[in-house]
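These notes concern the structure reproduced below.
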Amino acid sequence: MEELRQCDQEIFDLVQQEERRQSEKIRLIASENYVSAAVLQATGTVLTNKYSEGYAGKRYYEGQQIIDQVEVLAIKRAKALFGAEHVNVQPYSGSPANLAVYLAFLSPGDTILGMALPHGGHLTHGSPVSISGKYFDAQSYQLEAATGLLDYAEIRAKAHACRPKIIIAGHSAYPRILDFARFREIADEVGALFMVDMAHFAGLVAGGAHPSPVPYADIVTTTTHKSLRGPRGAMILCREKYAQAIDKAVFPGIQGGPHDNTTAAIAVALKEASTDEFKQYAHQVVKNAGALAEALMAKGYRLITNGTENHLMLVDVTNKGISGKKAAKALDAAGIVLNYNAIPFDTRKPFDPSGIRMGAAAVTSRGFKETEMIEIGRLLDMVISDPENEPLLVRVAKEAKELCKAFPAPGLEHIS
Ligand SMILES: *Cc1c(COP(=O)(O)O)cnc(C)c1O
């Protein structure tokens with residue numbers, strides 16, 4: 001990064017500091033990951049210089065000889081990996097991908113049915129503060145109070161009552177596998193489209209460690225930068241009969257030119273995700289999340305749904321005499337980075353809720369296995385049990401750094 005250093009010392013220094021932070025801290029944020037050096041390189045290419053509004057063979061600018069091939073390759077790989085009939089790789093990120101689906105199939109005021117945000121759904125699934133909740137009649141389903149599980153009977157009753165045009169499955173904080181067949185059945189009963197937002201678990205689907213929604217859903221959206229371990233971006237997978245509607249909604253519906261450097265990096269990530277190594281990775285993510293969940297429950301932590309079947313878990317820290325925010329802040333000071341998170345039926349405010357969320361995708365990318373996850377559980381518990389003990393936080397941060405040192409993160413091997 002010599003040119004960057006010479007041009008802009010301030011940004012260069014900040015990038016270096018961030019590299020060090022990512023390298024030396026235990027990253028448990030469920031939506032984050034470490035991309036490979038190959039994905040980083042593709043992201044930083046001159047493809048960022050090109051404008052290519054439109055789609056391969058039908059562009060509005062000349063000079064697409066190379067870019068068309070890049071985008072076609074990304075699409076081909078996505079189709080093969082997920083068994084999808086049609087794929088659009090242009091959405092700038094997960095939120096615009098979802099907005100494009102709504103534009104393709106809804107008029108303002110139409111009804112959608114998604115998981116409530118405080119129960120693990122995403123902002124873009126109809127939260128009142130999001131365009132998805134402001135421009136549409138957004139109805140939501142909740143989790144079952146006693147178990148923290150999805151209540152399919154309630155989803156069915158809600159769907160029959162509100163007759164949505166689209167039923168959305170998918171989440172940012174639900175630790176269980178979704179019953180796609182059941183959702184499909186409900187959608188068919190009420191004549192709704194069935195959309196799955198697999199942003200969080202797309203990598204697990206790619207690696208065969210989670211059932212695929214593709215055979216069940218009309219449309220599947222996903223980010224490319226979470227468990228899928230690609231650059232920041234998104235894709236929309238759909239049945240052939242919706243291909244035109246989706247493509248038109250992305251461009252010219254809500255976007256202009258695609259980020260071609262990102263498209264190239266998505267193609268690289270998809271190639272990586274097609275390997276046996278990635279299959280092992282995806283299965284190890286699930287095993288690692290399970291190991292941390294078990295370790296925490298053995299120490300008396302209350303996990304929503306009593307465990308996890310995917311890469312993430314949601315922990316109610318109330319019985320440890322601490323709020324989620326206070327726990328998250330103390331842990332960050334101790335070299336363990338995660339986020340505070342509302343739990344289902346949380347009685348505390350969203351800005352200082354009762355829970356913390358953590359995921360295993362990033363730490364598994366650096367090679368952590370069950371042994372290291374159990375060690376993380378021990379460190380977490382030490383901090384949460386004594387969050388104001390500054391010397392303890394410093395000691396744990398040192399231990400976290402040591403643990404990380406033995407497992408250099410992808411793309412950060414040069415940090416010592
Ligand atoms: C992260 C996420 C998104 C949004 O992705 P951005 O890239 O942050 O816009 C959408 N849906 C779900 C379920 C997510 O977890």
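Keep in mind the model is a prediction, meaning the values are calculated, not measured. Each ligand, and each atom within it, is numbered from 1 in the order the structure gives. Scope of the values below: all heavy atoms of this structure, side chains included, with no hydrogens, waters or symmetry mates.
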Considering residues at least two apart in sequence or located in another chain, which fulfil the side chain to side chain contact (heavy atoms under 4.5 Å, CB included) criterion with S127?
-> L117, L123, V129, S130
Pairing residues for A217 by the side chain to side chain contact (heavy atoms under 4.5 Å, CB included) criterion, not counting sequence neighbours =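 Counting only residues at least two positions away or on another chain, A217 forms a side chain to side chain contact (heavy atoms under 4.5 Å, CB included) with F194, V196, V220.
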Listing, residues 371-382 side-chain donor-acceptor contacts under 3.5 Å, not counting sequence neighbours, or none:
residue: E372; atom: OE1; partner: K369; partner atom: N; Å: 2.7
residue: E375; atom: OE1; partner: R378; partner atom: NE; Å: 3.2
residue: E375; atom: OE2; partner: R378; partner atom: NH2; Å: 2.8
residue: R378; atom: NH2; partner: E399; partner atom: OE1; Å: 2.9
residue: D381; atom: OD1; partner: Y301; partner atom: OH; Å: 2.7
residue: D381; atom: OD1; partner: S385; partner atom: OG; Å: 3.3

Considering only heavy atoms, which protein residues lie less than 4.0 Å from any atom of ligand 1?
->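 Within 4.0 Å of ligand 1, the protein residues are S93, G94, S95, N98, H122, H171, S172, D197, A199, H200, T223, H225, K226.
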Would you say the ring centers of [X] and [Y] fall short of 6.0 Å from each other?
X: Y242; Y: F105; value: yes
X: F251; Y: Y60; value: yes
X: H119; Y: Y141; value: no

